[in-house]
Peer 1: 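Before anything else, here's the structure in question.
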Amino acid sequence: MNSIKLVIKGFFIGFAKIIPGVSGAVLAILFGLYDKAIDAITNFFNDKKGNFYFLLYTGLGVLVAILFGSKIILYFLNKYEFVTLLFFIGLMSSSIWPLSKKINRKGINYFLIFLGILFTFLFMMMGSFSNNILGGNKYINFFILFLAGLVDAFASIFPGISGTALLIFMGVYEVIMVTLGSITNFSLLYENIMVLIPFSFGMLIGFLIFAKLINYLFKNYEEKTYAFIIGICIMSLLFLINMAFSLDYNITDLVYGFIFLFLGYLLSRKLDH
């Protein structure tokens with residue numbers, strides 16, 4: 001796969017990851033990268049060179065989006081939330097139909113699609129907290145941030161679960177975002193390291209554990225796993241649409257919103273080829 005396309009896809013996946021309520025894993029599925037990434041992580045040594053470059057280019061895009069996009073995405077969500085969400089709706093909307101071709105029209109698969117929709121709906125109905133629960137005890141903070149990394153890794157691996165939503169729920173989202181947004185501020189180097197080390201360590205351990213689990217499901221129950229994931233994707237898209245149109249917007253926002261929705265749709269189609 002073209003390395004530039006991998007970086008671009010990784011970039012949008014990284015952007016999706018830091019938007020509360022949006023699952024980066026769902027976008028990875030719709031971009032056709034999800035199963036490849038899981039296989040590359042769990043079976044890295046089967047094709048060391050190919051897997052290394054695949055993870056390098058995709059990860060580079062994700063990393064750039066997270067490190068340098070945190071301020072940008074927060075700015076656009078604060079200033080142009082409706083238009084930004086419609087752009088992501090466009091990115092996601094073009095690939096659900098092709099994804100459905102991966103399964104046969106069987107009763108069990110329709111049932112699993114329904115379960116995927118129900119699971120995602122119930123998860124999205126969870127309440128959230130925006131407070132910062134970190135205190136003065138550095139050991140407790142280390143454990144909380146390590147646990148947050150594990151949770152974020154789980155959300156990154158399992159499609160339909162928004163890692164940012166879980167971090168908000170845990171009360172550490174603002175801390176992580178502020179840390180990422182000030183990563184180049186060397187006066188805060190010590191404070192940032194004390195956040196990033198336990199969080200990154202938790203993510204690393206989580207990726208190794210949960211990637212093996214999802215890889216097992218794909219290898220042994222591929223069609224059923226995809227059926228469940230399709231349900232997750234459908235509900236995620238409906239949730240995003242509901243989120244966007246629940247906002248206050250005017251006719252100008254609507255015009256620009258549909259323009260960017262169409263641009264997102266075209267970009268997604270272009271990246272799939």
Side-chain angles (χ1 to χ4, degrees), residues 1-19 22-70 73 88 91-92 94-96 98-103 149-150 152-164 180 196 199-223 225-226 228-230 232-233 236 264 266-273:
M1 187 178 290
N2 188 293
S3 58
I4 296 176
K5 282 187 178 182
L6 284 176
V7 173
I8 294 173
K9 288 183 178 184
F11 184 77
F12 284 113
I13 291 168
F15 258 147
K17 182 171 174 54
I18 57 179
I19 298 178
V22 181
S23 168
V26 168
L27 204 58
I29 290 169
L30 299 179
F31 278 165
L33 297 185
Y34 184 77
D35 51 348
K36 295 183 180 68
I38 295 298
D39 185 67
I41 293 170
T42 55
N43 300 297
F44 180 81
F45 293 103
N46 290 350
D47 180 13
K48 288 182 286 188
K49 183 177 179 180
N51 289 335
F52 172 78
Y53 282 111
F54 173 82
L55 293 173
L56 175 66
Y57 292 129
T58 307
L60 179 62
V62 172
L63 190 63
V64 168
I66 292 175
L67 292 181
F68 300 102
S70 54
I73 199 66
F88 274 90
L91 280 176
M92 294 174 64
S94 72
S95 302
I96 289 181
L99 194 63
S100 69
K101 296 179 180 178
K102 294 180 178 290
I103 66 171
L150 279 176
D152 198 32
F154 170 73
S156 299
I157 292 292
F158 202 92
I161 298 179
S162 166
T164 51
L180 293 173
L196 291 177
F199 183 76
S200 301
F201 186 56
M203 284 203 73
L204 177 62
I205 299 299
F207 270 122
L208 294 176
I209 295 171
F210 298 124
K212 287 185 178 297
L213 173 62
I214 202 72
N215 187 60
Y216 171 81
L217 292 175
F218 270 113
K219 285 188 177 298
N220 295 277
Y221 308 100
E222 182 180 17
E223 189 176 331
T225 302
Y226 267 117
F228 187 74
I229 286 173
I230 288 169
I232 290 174
C233 291
S236 298
L266 290 179
L267 179 61
S268 179
R269 291 294 299 270
K270 183 70 176 176
L271 290 173
D272 283 340
H273 292 88

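Side chains are part of it too, since the values below use all heavy atoms of this structure and drop only hydrogens, waters and symmetry mates. Quick caveat, the model's predicted, so the values are computed rather than measured.
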Peer 1: By the side-chain hydrogen bond (donor to acceptor under 3.5 Å, both in side chains) test, which pairs, at least two apart or in different chains, include something from residues 200-221?
Peer 2: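 side-chain hydrogen bond (donor to acceptor under 3.5 Å, both in side chains) check on residues 200-221 returns Thr42-Asn215.
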
Peer 1: Is any side-chain heavy atom of Tyr34 closer than 4.5 Å to a side-chain heavy atom of Ile214?
Peer 2: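 Yes; the side chains approach each other to less than 4.5 Å.
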
Peer 1: Looking at every heavy atom in both Ala211 and Ile41, which two are closest together, and how far apart are they?
Peer 2: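 So the two residues come closest at CB-CG2, 3.9 Å.
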
Peer 1: Check the pair Leu6, Leu60 against side chain to side chain contact (heavy atoms under 4.5 Å, CB included), reporting the backbone distance first and the verdict last.
Peer 2: CA-CA 9 Å; Leu6 284 176; Leu60 179 62; over 6 Å; no

Peer 1: Short question: side chain of Lys9, backbone of Phe31 - any donor-acceptor pair under 3.5 Å?
Peer 2: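 Judged by distance alone, yes, a pair lies under 3.5 Å.
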
Peer 1: Taking side chain to side chain contact (heavy atoms under 4.5 Å, CB included) as the test, write out the residues that go with Leu56, two or more places apart.
Peer 2: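 Phe52, Tyr53.
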
Peer 1: Using side-chain heavy atoms (C-beta onward) and a distance below 4.5 Å, is Asn51 in contact with Phe45?
Peer 2: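 The answer is no; the side chains never approach within 4.5 Å.
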
Peer 1: Would a 4.5 Å heavy-atom cut-off, applied to side chains only, mark Leu213 and Ile209 as touching?
Peer 2: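 Leu213 vs Ile209: side chains apart.
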
Peer 1: Could you give the distance from CG (Leu33) to OG1 (Thr58), rounded to the nearest 0.5 Å?
Peer 2: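 Leu33 CG to Thr58 OG1: 5.5 Å, rounded to 0.5 Å.
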
Peer 1: Tell me every residue that passes side-chain hydrogen bond (donor to acceptor under 3.5 Å, both in side chains) with Asp47, counting only those two or more places apart in sequence or in another chain.
Peer 2: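 So Asp47 forms no side-chain hydrogen bond (donor to acceptor under 3.5 Å, both in side chains) with any residue.
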
Peer 1: Please round to the nearest 0.5 Å and tell me the distance separating atom CD1 of Ile8 and atom CD1 of Ile13.
Peer 2: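 Reported to 0.5 Å precision, the distance equals 12.0 Å.
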
Peer 1: Tyr226: what forms a ring-ring contact (aromatic ring centres under 6.0 Å, His included) with it, not counting sequence neighbours?
Peer 2: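 Tyr226 satisfies ring-ring contact (aromatic ring centres under 6.0 Å, His included) with Phe218 only.
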
Peer 1: Could you tell me which non-hydrogen atom of Gly202 sits nearest to which non-hydrogen atom of Leu150, and how far apart they are?
Peer 2: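 For Gly202 versus Leu150, the nearest heavy atoms are O-CD2, 3.4 Å.
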
Peer 1: Sequence neighbours left out, what passes side-chain hydrogen bond (donor to acceptor under 3.5 Å, both in side chains) with Glu223? Give chain and number order.
Peer 2: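 Counting only residues at least two positions away or on another chain, Glu223 forms a side-chain hydrogen bond (donor to acceptor under 3.5 Å, both in side chains) with Asn104, Asn109.
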
Peer 1: Return the minimal non-hydrogen interatomic distance between Met203 and Ala153, and the atom names on each side.
Peer 2: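 Scanning both residues completely, I find the closest heavy atoms to be O-CB, 3.5 Å.
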
Peer 1: Just verifying a value: how many Å separate Phe44 CZ and Asp39 CG, rounded to the nearest 0.5 Å?
Peer 2: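 Going from the CZ atom of Phe44 to the CG atom of Asp39 covers 12.0 Å.
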
